[in-house]
Structures are given as C-alpha cells and as structure tokens.
Amino acid sequence: MVRIPAFEVEQWMDKYETTPGVLNISETCASSITLEQLVQFNSQKDAAPLFDLSARMTYGTILGSEELRQNIADTYRDQDEPEAASPVSPEDVIVTQGAISANYLALYSLVGPGDHVVCVFPTYQQLYSVPESLGAEVSLWKLRAEDSYVPDVSQLKTLIKSNTKMLIINNPNNPTGATIPLPVLSQIVSVAKAHDLILFSDEVYRPLFHSSPAPPSVLSLYPKSLATSSLSKAWALAGIRVGWVATRDGALRARLASARDYTTISVSQVDDGVARYALSAPVRPSLLARNVGLARANLELLARFVADHARTCDWVRPTAGTTALVRFRHRESGRPVDDVAFCEDVLRRTRVMLVPASKCFGNGTEFRGCVRVGYVSETEVLREALESLGAYVADNLA
Ligand SMILES: Cc1ncc(COP(=O)(O)O)c(C=O)c1O
C-alpha cells in the first residue's frame, strides 16, 4: 500500500469552500464559465452545436479524440512556434482527467525506488509528495521571495546526484504566480541535458500570461521533456475534468500510455466534446482574452489593496497565472501572523476565504505569515472580499 501524506491544499479547499455565503478568493481557476457562456465565445456564426446528440456514447478514441489532441497541439503553436519545423503534434498528446491525473500518470509511470527527483518548492504538493510516496528520494529546490520566486540555477546544480532522474518545475507557479523566463528555462534545460534528466513541467496555468512575456513550453526546448496542463485554470472549465500530458519523446509516451491503460481507458466523451469546442480555433482566442483581461483587471485591485495596507502586508507581484502570495504581519511588532489562525478567523468573521501558505505550501514550517490569494474570481467578489479583509486587517493587526 502506498503511504502518502495529506494533500493539505485540497483538504483545506474541501473543508471551507462550501461555507455559506463564502467570498472565495482562494480558488485557482479563472472564474469558471457556464456552457451557455462558452458558446458565446464562438466567433463562427454558423458554428456546429456544442454537442452532437446523435453521437453514440462509446469509449471513443482511447488517448483522446484526434480533434481534441489537434486543438491542444495548436495551443502550443499559438505562442511558441508558429513557424517551427516540428510543431507539437496530436500524437504527442495523451488526454487525462485533469492535470492532476496527468501529473499522477507521469510520476507513477516514470519514477520509483532508487530514483532521485528534484522539485521546485513551493508548488502544488502533488509534485513532490507523490514521487516520495512511490519510493523516490526528493530534493526540494527552494524558491525565494528575494529572487522574485524565480528558480536559482546555481542552487539546482548543487542538488543533482548520480541517480537524479527527473527535474520538476511548475511554470507559471502555484502559489507564487511567478513565471520562469526563457533565459532561466534555457539554463534549466542545459542542466537537464548535461545529466540526461527528464524535465517535467506542470504548465497548468499556461497560457495565462497577463503581466510577463510568455516563455515557451518545455516541449519546444528539450526533447526529453513532459508538459502537463488542463482546461481548468486558463480556460475556466474545471468542471469538465479534461487535462493532458504531452511529450515528443516516443519512449516516454509509450510508458505513459501503457500505465494509463490501467486507470483510464478514455475520458468522458461529453467532456472531450466540450474541451475540443473550447480549444477550437473560433473559440480559443476570445475565451483566453476574457481570462487574461479578468486577471489583469483583478490584479490591479489586489495591488491597490497591498499598497493601501503596506504596514501590514507585502508581496512579490505575480506575473502570470491566477494566484499570489501575500505576507501579513502585525503593524507594531512586524511579527508575521499565524497564517492558519489568521485564515480561520478571517473566514469566520468576514466570510473571506484564503489559503494559509505555511500549512498548504510550506510543510508547516516555511512561508509563515503568507496566504495564497486566488484573485481571478469575478471582479465584484474580489472587490467585496478585499474591502472586508481591509477592514479586518485595520481592526485586528495591531
Ligand atoms: C500546479 C497545479 N497542477 C495541477 C492542478 C490540478 O488541476 P486540474 O483541475 O487540471 O486537475 C492544480 C490545481 O490547483 C495545480 O495548481
């Protein structure tokens, strides 16, 4: 039996997000849309309906429909490689139930006892707890606020061992909202190449680059790389549970596909249909523009909050994705708040939901005083939540 620690952020969300009247600014998805809204994003006037009601509900194509995998491949072409000689192709893509299944599949298929893995920290806990539970040794590559949470490659070099097999990054990062820019990605690729490592990048917040140039996916930089993503965050469709893992390396892909046979068969054909509609050429640009626009507008509100409460909080302004780490401290002493007690009390008294970073991203010891804010909610929800949080902070952080 696999022994695995509690997945802190998922348990926190599950425990509190159904609090009656909650003002949820802890969510990591761009504010989710309805299917009625989705069809409004279609620029093609005589578009086919969202569902073909005459389609038989077979398992469908096992790895994901050809059209969905083509549309996923096209998302890479939009940003990375409009003129690349060998673009990501539909054959490189394996469809899964969300990025969480894609991550699990990649880790379960490729690492085990005797392997050493290096993983950025903080990040989504799955990325380091699962390899550990599979018997791999994991070293955490710590990101620092003073580096704007961009990984320091000189530190990476000190972590590599003779049995290092995989290097895991998360770009853009949850919870910091930092982007790894191309020059740093290129240095990471050089280290991976020099040691023949698998470079695994969780890119679930791609392509939500609202305040930084979009760096390429690792798929465009290094053949022995894997990228995971989904419809949940940048595309505002978490409820359809469609994600993917892509790699140009045929041997890696064969191992993923073979392990996946034991857990998935195929994803829901209804979900596959919605996903291929959402990522189709007439829908994709306007859907993404809505989410990037929402992120930009809301980030301004959050930036104003941080500036207005500079005596009690500070941050590294995020450059992409949907989340930010904000550190709160007591006004007089400068002492960081107990972020777990702070989040619980804020929720109880104001209904504003935040995520305590030391518990959910810092193994209980790091990122004390920090909370994760998911700011790409509906703008009115964020506005109301920040107003209540501001009043709470003024009254309670003496
Ligand atoms: C970095 C990261 N990877 C993966 C996931 C899982 O996302 P999905 O809804 O696609 O399963 C999340 C969700 O918060 C995440 O933050």
Side-chain angles (χ1 to χ4, degrees), residues 7-17 24-33 64 68 72 75 93-108 119-131 140-141 143 149 151 168-180 200-209 217-218 226-246 260 263-264 267-268 271-272 274-275 278-279 291 295 318-325 353-355 357 359-362 372-377:
F7 197 159
E8 297 289 356
V9 73
E10 294 300 341
Q11 296 197 354
W12 181 272
M13 300 297 288
D14 192 35
K15 183 168 175 191
Y16 292 119
E17 70 190 346
N24 192 345
I25 55 166
S26 61
E27 183 56 71
T28 54
C29 303
S31 180
S32 300
I33 56 168
L68 173 56
I72 290 169
T75 65
V93 178
I94 296 175
V95 176
T96 60
Q97 284 126 353
I100 196 164
S101 297
N103 289 346
Y104 199 91
L105 176 65
L107 297 166
Y108 167 77
C119 181
V120 292
F121 179 88
T123 189
Y124 196 51
Q125 187 188 332
Q126 182 192 29
L127 297 173
Y128 50 90
S129 285
V130 170
L140 299 177
W141 183 12
L143 309 176
Y149 297 120
I168 303 176
I169 58 176
N170 175 205
N171 194 25
N173 178 275
N174 172 18
T176 66
T179 307
I180 307 177
F200 172 14
S201 183
D202 177 327
E203 297 178 351
V204 76
Y205 293 94
R206 213 188 136 71
L208 216 121
F209 296 101
S217 165
V218 288
L226 306 169
T228 55
S229 194
S230 81
L231 274 288
S232 298
K233 316 294 182 185
W235 307 99
L237 286 164
I240 61 166
R241 308 306 303 134
V242 171
W244 65 88
V245 52
R260 180 180 174 280
T263 59
T264 306
V267 303
S268 149
D271 293 356
D272 186 301
V274 178
L279 294 184
N291 296 331
T319 55
T322 59
T323 61
L325 271 190
M353 182 173 169
L354 301 159
V355 175
K359 180 177 176 63
C360 298
F361 294 98
R372 184 187 73 183
V373 182
Y375 57 87
V376 195
S377 58

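These numbers come from a predicted model, not from an experiment. Positions are given from 1, in the same order as the sequence printed here. Order of listing sets the numbers, starting from 1, for every ligand and every atom in it.
T323 and T28 form no side-chain donor-acceptor contact under 3.5 Å, judged by distance and modelled atom types alone. For the 3.5 Å distance criterion, the side chains of N171 and S201 fail to qualify, holding no donor opposite an acceptor.
Under a 3.5 Å cut-off, the side chain of Q126 and the backbone N or O of I100 do form a donor-acceptor pair.
Residues satisfying the side chain to side chain donor-acceptor pair (under 3.5 Å) criterion with W235, sequence neighbours excluded, are absent altogether. Every side chain to side chain contact (heavy atoms under 4.5 Å, CB included) that S101 has, sequence neighbours left out, goes to T96, Q97. With sequence neighbours excluded, the residues that form a side chain to side chain contact (heavy atoms under 4.5 Å, CB included) with S230 are A99, V204, S232.
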Between ligand 1 and the protein, which N/O pairs fall short of 3.5 Å?
unit_1, atom_1, unit_2, atom_2, d
ligand 1, 3 (N), D202, OD2, 2.6
ligand 1, 9 (O), S232, OG, 2.7
ligand 1, 9 (O), R241, NH1, 2.9
ligand 1, 10 (O), A99, N, 2.7
ligand 1, 10 (O), S230, OG, 2.7
ligand 1, 10 (O), S232, OG, 3.2
ligand 1, 11 (O), A99, N, 3.2
ligand 1, 11 (O), I100, N, 3.0
ligand 1, 11 (O), R241, NH2, 2.9
ligand 1, 14 (O), K233, NZ, 2.7
ligand 1, 16 (O), N174, ND2, 2.8
ligand 1, 16 (O), Y205, OH, 2.7

